[in-house]
Amino acid sequence: MIYLDHNATAPVKPEVMTEMLRVMTIGGNPSSVHAVGRKAMTMLEDSRETIARVVNCRPEQIIFTSGGTEANNIAIMAAKMDHIIIAATEHDSILHMAEHFRGRLDILAVDDKGYVSADELKKLLTKASGKILVSIMLANNETGVIQDIRTLAAIAHNAGALFHSDAVQALGKIPVDFQDSGVDMMSFSAHKISGPQGVGLLVASEDIPIHALFAGGGQEKGRRAGTENLAGIAGFAKAVSLLAQNLQTMTINKKFRDRIEQEISHHAAEVVFYGAQSNRLPNTTTILMPGVASETQVMAFDLDGICVSSGAACSSGKVKPSHVVSAMGASRDQALSTIRVSLGWTTTEDDINRFIAAWIKLYERKRK
Ligand code: PLP
């Protein structure tokens, strides 16, 4: 199979598997006071330090979670805010959690390039009151569009608001620096950077009171109950320590991605690449094949041995148009006819040639 779905999950690197096996073999619960527990605690804290060094935060600011979803849920709910402002293109783990939020919720529109407007944010903040949280993702999972979070965080701070950013898709694809970005909280997930699934973290400034969402033990300084996923966390730290490799891969991925877009648009003038005019992740392209349902495209590519993702989301048997490209102005039909192609460390030139040939073959077949 040709795997072009790295934004869904990136294949785990062999070094990560070796490290996880090593840690599982040692075993131990970091909360146990005996020698094996103390060893486990050392491995946990070593992992925390490795990650803190790379993302440039303090180790104490890291709260390990079960993934990016939980990290985002904690950011939205655990600081007990009065008012939340989020972007329309956020991941479902922000959007759906915000639906459960009891305070005031505002959703910031994006323009046709996928950017939130700094002026709109300022306007909303002048009308806001109480404890305010602004949550805007660093890079979008479908289009790869990158927001200027440093500027947006400064605007939020001027209005006395806290700022959270979901950096799950950005890590490993562009440089990410917690301190330098000026945000108060940031979410990450291991499986998007070739680490294991089911592990993530929230970086949160120590002055933000985080109330644990689960009741239980006092792990993670009382901010997240439950025995830590030690092997997963060690695998996460190993994947983080290999991030420099990922960034090098991105230079090659960008060339591949640009070739896909050039060759396809050369062949089909009506094609649209959402976010192509924006600052975006180097590995991602979201392609509209007009009139051909995303699901049909995904199945056709699958038959050709190529894994890509549907822009539209399928839940309970119903296909919903992509909320991301809809927010960028796509019609319902367009939002139901996009696919996401995302490259990574396993991607080869041959994969790209085969994808381009398969896309053109499908397009020609549907045109007839
Ligand atoms: N945020 C973004 C932008 C994502 O792309 C994802 C995963 O698709 C998540 C959050 C959720 O992360 P996880 O799968 O680790 O729960």
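What you are looking at is a predicted structure, and each value in this text was computed from that prediction instead of being measured. Counting starts at 1 for both ligands and their atoms, in listed order.
Side chains of Glu228 and Gln219: no donor on one and acceptor on the other come within 3.5 Å.
Taking the side chain as every heavy atom from C-beta outward, Arg150 and Asp180 approach each other to under 4.5 Å.
Within ligand 1, counting atoms from 1 as listed, the ones closer than 4.0 Å to a heavy atom of Ser93 are 10 (C). Of all atoms in ligand 1, listed by their number and element, those nearer than 4.0 Å to a heavy atom of Asp166 are 1 (N), 2 (C), 3 (C), 10 (C). Taking every non-hydrogen atom of Asn72 and a distance limit under 4.0 Å, the qualifying atoms of ligand 1 come out as 1 (N), 10 (C). Near His191, with a cut-off below 4.0 Å to any heavy atom, the atoms of ligand 1 are 13 (P), 14 (O), 15 (O). Below 4.0 Å from some heavy atom of Gly67 lie the following atoms of ligand 1, by number and element: 15 (O).
Look at Gly200 and you'll find every heavy atom at least 4.0 Å from all atoms of ligand 1. Heavy-atom distances between Glu70 and ligand 1 stay at or above 4.0 Å for every pair.
Salt-bridge check for Arg259 with Glu349: passed, with a basic side-chain N closer than 4.0 Å to an acidic carboxylate O. A salt bridge between Glu220 and Arg223 is absent, with no side-chain N of the basic residue lying under 4.0 Å from a carboxylate O of the acidic one. Under 4.0 Å is where a charged nitrogen must lie from a carboxylate oxygen, and between Lys123 and Asp119 no such pair does. Salt-bridge check for Lys255 with Glu261: failed, with every basic side-chain N at 4.0 Å or more from each acidic carboxylate O.
Here Glu49 pairs with nothing under the side chain to side chain donor-acceptor pair (under 3.5 Å) rule; sequence neighbours left out.
Protein heavy atom at the shortest distance from atom 8 (O) of ligand 1 is Lys192 NZ, 2.7 Å. In terms of protein heavy-atom proximity, atom 6 (C) of ligand 1 is nearest to His91 NE2, 3.3 Å. For atom 13 (P) of ligand 1, the nearest non-hydrogen atom of the protein is Gly68 N, 3.4 Å.
Selection from Gln169, Met137, Gln197 by nearest heavy atom to atom 5 (O) of ligand 1 gives Gln169.
Between Phe301 and Phe355, the ring-plane angle classifies as tilted under the 30° and 60° cut-offs.
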Item to check | From CA spacing to verdict: side-chain hydrogen bond (donor to acceptor under 3.5 Å, both in side chains), His6, Ser342 | outcome: CA-CA 5 Å; His6 281 249; Ser342 50; over 6 Å; no
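Residue contacts with ligand 1: Val199 is placed with no nitrogen or oxygen under 3.5 Å of a nitrogen or oxygen of the ligand (distance criterion only). For a threshold of 3.5 Å applied to N or O pairs, the pair formed by Thr69 and ligand 1 contains at least one separation below that value.
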